[in-house]
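To keep things clear, I will list the structure first and then write my remarks on it.
Just so we're clear, the structure is a prediction, and the values are computed from it rather than from any experiment.
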Amino acid sequence: MISELCVSRYLTCIWSSVSPFTTSSTGMAAPEQPLLATAGTDSLEPRRRAFLKANMTGTHLGLIQWDNRDLHPRPAHIVILFQGSNEKKVATRSQENLHVSQGSIEGSQVRAGGLQAEAGHQAVGSGWGKCTRVQRLRAVHINIENVCFRNGVQSRALSSAFLSQLQLLPCFRSPMPKECRRKNSKDFGLSGTVFTEGSRLERRAAGKAPQICDDLVQRAAQITESSSARAPAVMDSPGVPQVTITPEGGGSSREMQQEDWDDPVDGTLRRKLSNSSISSTGSSLVESEDDILSDNESKSKGIITLEHLGDSGESKPWWKLKTVVHWPFSATQRRKLNWVQLAGHKGNFKAADEGNILKKFSENEKQCFEKLRYDVLLPFVPSFHGAVEKDGESFLHMTDLLSNFDLPNVMDCKMGDVLGGGAGPGAGAAQAERRPVQEMVEVDSEGPTPQEHSQRGVTKPRYMQWRESMSSTNTLGFRIEGIKKSDGTCRTDFKKTRSKQDVVQVFKDFVGGNPDILKSYLSRLKEIQQALKTSEFFKQHEVIGSSLLFIHDHTSNAQVWIIDFGKTTALPEGQTLNHDIPWQEGNREDGYLWGLQNLLDTLKSVSNEESFSSVTKETDCQ
Ligand SMILES: O=P(O)(O)O[C@H]1[C@H](O)[C@@H](OP(=O)(O)O)[C@H](OP(=O)(O)O)[C@@H](OP(=O)(O)O)[C@H]1O
Ligand SMILES: Nc1ncnc2c1ncn2[C@@H]1O[C@H](COP(=O)(O)OP(=O)(O)O)[C@@H](O)[C@H]1O
């Protein structure tokens, strides 16, 4: 039986603390101003966040349920932060995990330090988010942002109604890795929250009966039914939002502590497998928790085999908004697709119908693609064919840019001079996220500070900033992520390729001394530059972590494409960016255009180099 834990008192303080992220001394994202202090009457007021936090220990989050009918039908952003033990998160890539019905809320999940979290399945229709494989859960943060309120008064009532219907249900308990199984006294402690001195969760240890997801799905369905029978409490008097948490198994609660990060697992800080069960298979069943991968093992570094998803034709009842695809794959199409993924995390891509691929769904990216349909950048981004559902997972269906090439040479250049430092919607979360110090040591033994060595971990922003400073990101506004050449060789070891000279050398090698290819690249980059300068989309978005994908083959077919809008975010209405002025706290400048100009200059330097100059001059004269 699932016990219930009511956290109303706790939420009282949270309720009065709704705002954008700040980072508390514990490194956790915390609200800073009361919602009502900022709630205006403008229904378009963006980026307002309700912050809800619930602590659970030793449980697995299974399902998140809410009823969002009373929210303004405008996209909102839900950020769910899971924090827990000192392992890294399980889920790495996809930032989306909850997609709520009727387009009124679109979900996004950002991982927080130490623990893994991601919904393997998104659910729509009645407002379900189903989280799988959230292990050793200790804290759940739910941030609701961009919820558009109709007016200041209602905002409180609306959100109150919303929050009061939110339920966190533990899903299942899977075997813990041996090293994690030892009882940790912290698991049963409860510390103060980051918000107020006195706020504490009432705790009740719950039974430990293991339960599989499907049982909860059933239970969830019952709850949905009963909650949908209730009328939405749109005009409720402002009350204390209550969240019912039903921890199952050791349901005591505590705040995340620094020692959670420091506590070594098996001698090193290790991260959990990111996407094997959640991202790739979409399975709601639990895999062993012992399948821990290092960072490198979870990152894609070149030639991979893309699997077609099964074509079971099974559709989940709550997936009402997305197209369920049934491609009639021929026997040849069903063959595994040899493909190149130079960056990103393993399992993010699947084979699709001919000439297309599936990328793990991201609401953010989908929105960007949709806006790009009407923008001058359209010719420079992969054609987007919509969001599709396959085998219970959501994907973005897009053109495979490699499909028109014969044995392509591919290079991924990540654009911008700010990639991790303080940017993006997950910045607050990232601050709390720890990465093994080993990742830095492998590149530069001098990288970590003595303190970081002793803590065996660094925060994600620190890691990202260090990556930026080691590579050419800071100095040139772009960096080379990876290269695959037609001879089958692949390199992703460019973390220390920093100087213009080094970059020139890499490009020179990449184009193999072919002036035609270089020329095509230069002219395509100039077109992109021109388009970016006039693009409304570009003006209105902070473009973080996007890449230019260079592709050419022996036929001298050479193209450059703008890819990866997973971390590209719209600015508040009326605001625009220059993209070529330095980043400063709050200005959200990403340095994209500055980087692009440097990239162009670098390529020009390549063409000016001796081996190219004579031929290039001839070509120029034609
Ligand atoms: O280049 P390396 O050193 O591998 O660092 C990667 C990139 O910065 C990824 O950004 P991008 O997506 O722009 O490639 C980032 O993913 P996020 O998108 O999640 O920030 C990874 O964070 P983790 O996901 O925490 O591993 C981080 O480890
Ligand atoms: N549309 C595409 N066609 C061909 N290759 C692609 C396409 N999109 C991405 N890739 C490949 O996948 C890699 C990672 O893509 P990206 O969109 O950056 O994923 P992530 O969001 O996981 O970082 C790229 O470096 C590139 O090699």
If we count only N and O atoms by modelled type, under 3.5 Å, do the side chains of [X] and [Y] hold a donor and an acceptor together?
X    : Y    : answer
D353 : H397 : yes
N557 : T555 : no
T569 : E542 : yes

H579/F538 aromatic ring centres below 6.0 Å:
yes
Could you check whether K359 pairs with D564 (Lys NZ or Arg NE/NH1/NH2 to Asp/Glu carboxylate O, under 4.0 Å)?
yes
Hey, is R467 close enough to E481 for a salt bridge, meaning N to O under 4.0 Å?
yes
Are K350 and K390 side-chain neighbours, meaning at least one heavy-atom pair lies under 4.5 Å?
no
dist Q559:CD -> L402:CG (nearest 0.5 Å) comes out at 10.5 Å
First locate atom CZ of R491, then atom NZ of K484, and finally report the distance between them rounded to the nearest 0.5 Å.
15.5 Å
Please give me the minimum heavy-atom distance between [X] and [Y], naming the atom from each residue.
X    : Y    : result
L548 : I528 : CD2-CD1, 4.2 Å
H541 : C368 : CD2-SG, 4.5 Å
T568 : N364 : O-ND2, 2.8 Å
T534 : V376 : OG1-CG2, 3.7 Å

Side chain to side chain contact (heavy atoms under 4.5 Å, CB included) for Q367 and F369? Distances and angles first, verdict last.
CA-CA 5 Å; Q367 285 189 15; F369 274 125; over 6 Å; no
Would you please test H552 and F510 for ring pair (Phe, Tyr, Trp, His ring centres under 6.0 Å) and show each step?
CA-CA 10 Å; H552 70 266; F510 176 60; 4.7 Å; yes
Going through the distances and angles, do W561 and F380 end up as a ring pair (Phe, Tyr, Trp, His ring centres under 6.0 Å)?
CA-CA 5 Å; W561 299 90; F380 306 100; 7.8 Å; no
